[in-house]
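Comments concern the structure below.
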Amino acid sequence: MPITKMKCNHIANPLGYYMDTATLSWVTNGVPGSFQTKAEIVVALDPELREVVYDSGERDDIDSIAHSVQLEWLPRTRYYWRVQVWTDEGVMATSDVAWFETGKRDEAWQAAWIASPAEDEHPYFAKRFELTSAPVSARLYACGIGLYEAQLNGRKIGDEFLAPGCNDYDSWLQIQTYDVTAMVQTGSNELGALLGPGWALGRIGMGGGKRKLYGERPAFLAELVLQMADGTERRIGTDATWRTGASFITESGIYDGEAQNALLHGGGVERQAVETEKPVKGVLKDRLSLPVVCKAFRRPEQIVTTPQGDIVIDFGQNMSGWTAFRAHAPAGAEIKLEYGEFMQDGEFYRDNLRTAKQTFTYVSNGEPDWIRPHFTYFGYRYIRVTGMAYIEQDSLQAWVLYSDMEETGELETSSPLVNRLFKNALWGQKSNFLDVPTDCPQRDERLGWTGDAQVFAQTASYNMDTAAFFRKYLYDLSAEQTKLNGAVPTVVPKMIGGEAYSAAWGDAATIIPWQQYVQYGDMSILEAQWDSMSAWVEYVKARAGEAGLWLNDFHFGDWLALDSATGSMSGGTIKDLIATAYYAHSVRLLAKSAKVLGLKDEQRRYSELFEQIRKAFLDEFVSPNGRIVSVTQTAHVVALYMDLLPEEWRQRAADTLAELIVKAGYRLQTGFVGTPFLCKVLTNYGHNDLAYKLLLNEELPGWLYPVKMGATTIWERWDSVMPDGKIAENGMNSLNHYAYGSIVDWMVQEMAGIRPLESAPGYRRFTIAPKPSGRLQHVKARYESAAGLIESGWELTPGGKLELTITVPFHAIAELELPQCEAAAVEVAGKRMPLHLRQADTSCRMELLPGEYRLSYVPTESYVPRYNSYSDLRDLLDDGERVNIVRKHIPDIDLKKDVIYGMKLAHLHEMQFVTGLADETLAALDRELDEYYKSR
């Protein structure tokens, strides 16, 4: 089918979501032609599209990335839509019919909130009803305080878990809509619901945390609407006629796990439910959250018995979710599963969970059954099992849970370690994008830290389609701001106390909406978040005052950086410098957003404010000659990335950054603030090889060190596990923390070269500008963008050529920049030829129409590294053959003692640091190394 990925508000066939407008999008592919000349959208109330409520007509201004449709919205109504596209070759393509369905909207409920008369239990509610005929349509509208699982006739309704989700229940409550048409039966039916405490009522927060943040006890609201064949309607709502009783779940909590007693199954619903007032302040609203679903199953990779005699299941991958198991145990027997993410000295280890118990217990009723939790989830790779007599791989199954997002990005290189790093970042996202972007999925935290979310947002949006996910998170963020005078809490929803608001964390309010707009081309995210974005900037402006400097407030700084002289977790960069830089950055993004939205006065005002802040930044933190006063890697990174330095000082700052890295032994020292942009700044200012060197470093600290140590997700700290295989004892150590996975952004945008353009958001027009290095032989990235499939790959051939493969989607243009290139030497093959080709500087630039391309040429400078006595010793000696060449000419060199970071053999000779070195020795060494280079 030529038209695919039909979505409304970035969701395929959304059921019961909140809608104030319908933003329709699709991807056209597989049809003759390069460009769309016109399109037509029809929306109707029937699948045959006879009862039309919207017809765009054939128009040339309809963009498949995002076309907004305004309707007279009706509650509980399914709308059907279809698109037709005409191409520049006169071909017409017609989509299948897709749909979107509204929820309750503002319709009055024919139902009441109900609760159990007994406190401190996991209640089960039930209502029996009779039907003489099957309905033609049945919808259940439901919400809960705590978590709930709805059931119909003994079967779970839907494939969603942990409903109604994680948000500020005092601001809003999400209504879920379920299509239960196929589950309702003629005759007797029972509608029921299990409830547990969840985020609203259970323990949340570090240490002991707090309970009952939202409400006092579990409560449930539901309305079943049945449309009968004769045109009548029947509604069954929660009220005092429902029955309730204690369920088989005896304990549950997000952090601590769950306990079940199957002997309590069938205990009955002996009590009458009680009607109650709405338990929290929040308004009822149709959902925004994507459902949390099981996205994959995993079998155990190993079942081991530890030296202490524990039975431990290894699933081979750190993840979030739970493990279902087949229970074969006598009545009254207890089975216990303890979840952890690490093995130390061959033993099950989980001290890094702090107070989180992460335990599931099950008391058997003697009947064989598959068992799973209901109201918790775990971050884990390993499970310690007790009480299970028979353990086989087929009797355990890991359920991988996260929000229902489509994977959109792939990246593959010649380095297996880099490939694993990419997968680790993806698994970190899978583990933590569970309704909110949490910091970690295992210890007593699991909170929506805003700083982590904003530094990872670009990588997240390459890995998966995050448009709907972040829209809900930003709605949560906006809701919190309304109670905080525009301030943004460090966690959203704000489930921990304190009034601290930090730069880089609060700036999620401006950074994520702009990033989402550029990534997906949907202006409605800026419209929805404008008040939030401007409220944050105005809050900071009030804190900064007329001086334009954000000084003396609390900030996390460059969190977990390694360059603090005092060992502070905030790093060594001046916090006020970071705060003022982020203030300027947010103001600039706000000015750009105002331009997109046509707010001319606001654009002018915030553009002028940015220049004022930039001047204040320079006056306060940069010397008159361009020296940044905070001599750290991060200080130079943020000043360059956030465009705070005048043109004449930028290269000096970039060179100083490179020198700081060399002095640190070719090691990064950056934390949460500096790391996401470090390699990008290096590449953009002529230090691309150094960026690759940082990426490929396998020692501590570096991205590949955890990979070498067996990590399957991103660690919270560079040194979460020490070289001796023991976890660092520092009280805050997650092995599943995605923030440093933000390096994937650089890998895609610079290594592979796929970059969106702010002037043509949604990849309608984009750049492909790969930055190869001889440190890798090939790189290939694949991205399912809003415009369609984009591919960019390069390979350095043994013959010295650079070969590229590129795919440009329908109705898009790629601005290709080829490095180290002479236009006349480029060979191009593909379905579509370039519009034009020209030479500029050392790059060839061309525009590529939609199609698939293969290009090759011999670079003007070889990417194969060339080494001699003036090369850094770390580079010279990272290859066994070169080590043998060096030993041949300098047999007495002590490679452990004499290899000093940043030093060169020629310098050691001048300093007489290595005995036996002579000019003729180095000359002979250089000649042989040159021959080695030519052979490569």
Side-chain angles (χ1 to χ4, degrees), residues 166-172 204-205 213 288 435-439 445 447-458 460 466 469-517 525-545 550-559 570 575-576 578-594 606 609 613 638 642 672-673 676 739:
C166 179
N167 54 273
D168 177 5
Y169 294 79
D170 280 340
S171 294
W172 65 304
I204 297 294
L213 291 174
L288 286 175
D435 201 33
V436 298
T438 60
D439 56 329
E445 201 162 344
L447 299 169
W449 287 93
T450 48
D452 302 50
Q454 71 89 357
V455 300
F456 192 72
Q458 184 62 53
T466 61
F469 178 86
F470 272 128
R471 186 174 291 263
K472 180 265 179 183
Y473 182 65
L474 291 171
Y475 184 89
D476 284 335
L477 186 149
S478 302
E480 299 289 3
Q481 283 181 279
T482 61
K483 298 180 288 186
L484 300 171
N485 194 32
V488 176
T490 52
V491 299
V492 170
K494 190 178 184 297
M495 292 183 169
I496 56 176
E499 300 300 324
Y501 311 111
S502 173
W505 275 250
D507 295 284
T510 56
I511 292 171
I512 297 177
W514 179 256
Q515 180 272 326
Q516 292 287 290
Y517 163 69
I525 189 65
L526 297 181
E527 294 170 338
Q529 295 303 125
W530 172 260
D531 288 346
S532 163
M533 297 169 76
S534 56
W536 168 247
V537 165
E538 292 299 328
Y539 168 82
V540 178
K541 183 181 176 184
R543 303 296 299 174
W550 194 2
L551 307 175
N552 303 319
D553 272 351
F554 166 84
H555 297 289
F556 286 111
D558 191 21
W559 188 245
S570 295
K575 291 183 182 181
D576 293 345
I578 293 172
T580 302
Y582 264 95
Y583 174 30
H585 188 52
S586 278
V587 169
R588 193 177 197 193
L589 295 181
L590 196 59
K592 291 181 178 181
S593 300
Y606 288 118
L609 180 58
I613 301 167
V638 297
M642 296 178 180
F672 275 37
V673 167

Atom pair [atom1] ([X]) and [atom2] ([Y]), whose distance is rounded to the nearest 0.5 Å:
X	Y	atom1	atom2	answer
Q515	Q454	CD	CD	10.0 Å
Y582	S502	OH	OG	9.5 Å
W514	H585	CH2	NE2	10.5 Å
I512	I525	CD1	CD1	9.5 Å

Fill in: Step-by-step side-chain contact (heavy atoms from CB on, under 4.5 Å) determination, M533 to Y606
CA-CA 12 Å; M533 297 169 76; Y606 288 118; over 6 Å; no
Do you know the tightest heavy-atom contact between [X] and [Y]?
X	Y	value
G557	K575	CA-CG, 4.1 Å
A509	S532	CB-OG, 4.0 Å
T510	L589	O-CD1, 4.0 Å
L474	A508	CD2-O, 4.2 Å
W559	F556	CE3-O, 3.7 Å
G451	W505	N-CD1, 3.1 Å

Item to complete: Sort and list the pairs that fulfil side-chain hydrogen bond (donor to acceptor under 3.5 Å, both in side chains) and have at least one residue in residues 484-497, not counting sequence neighbours.
Response: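 Counting only pairs at least two positions apart or across chains, no side-chain hydrogen bond (donor to acceptor under 3.5 Å, both in side chains) contact touches residues 484-497.
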Would you confirm whether [X], through its side chain, and [Y], through its main-chain N or O, come within 3.5 Å as a donor-acceptor pair?
X	Y	value
Y473	G448	yes
D558	V673	yes
N167	W172	yes
H555	A503	yes

Residue pair [X] / [Y], side-chain heavy-atom distance below 4.5 Å:
X	Y	result
T438	D452	no
Y169	P493	no
L590	S534	yes
P676	Q458	no
I613	R588	no

Fill in: Under the salt bridge (charged side-chain N to carboxylate O under 4.0 Å, His left out) test, residues paired with D553 that sit two or more places apart
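By the salt bridge (charged side-chain N to carboxylate O under 4.0 Å, His left out) rule, D553 matches R543.
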Worksheet item: Can you name the salt bridge (charged side-chain N to carboxylate O under 4.0 Å, His left out) partners of K472, sequence neighbours left out?
Response: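 Salt bridge (charged side-chain N to carboxylate O under 4.0 Å, His left out) list for K472, sorted by chain: D435, D476.
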Discussion item. My understanding is that only residues two or more places apart in sequence, or in another chain, count here; which of them pass ring-ring contact (aromatic ring centres under 6.0 Å, His included) with W536?
Written reply: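 ring-ring contact (aromatic ring centres under 6.0 Å, His included) list for W536, sorted by chain: Y539, W550.
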Worksheet item: Given C166 and M495, is the side-chain contact (heavy atoms from CB on, under 4.5 Å) satisfied, shown in steps?
Response: CA-CA 10 Å; C166 179; M495 292 183 169; 3.6 Å; yes
Worksheet item: Can you pull the salt bridge (Lys or Arg N to Asp or Glu O under 4.0 Å) pairs that have at least one residue in residues 478-489, sequence neighbours excluded?
Response: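 Salt bridge (Lys or Arg N to Asp or Glu O under 4.0 Å) check on residues 478-489 returns D168-K483, E480-K483.
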Worksheet entry | Residue pairs involving residues 477-500 (criterion ring pair (Phe, Tyr, Trp, His ring centres under 6.0 Å); sequence neighbours excluded) |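 Those involving residues 477-500 do not exist here.
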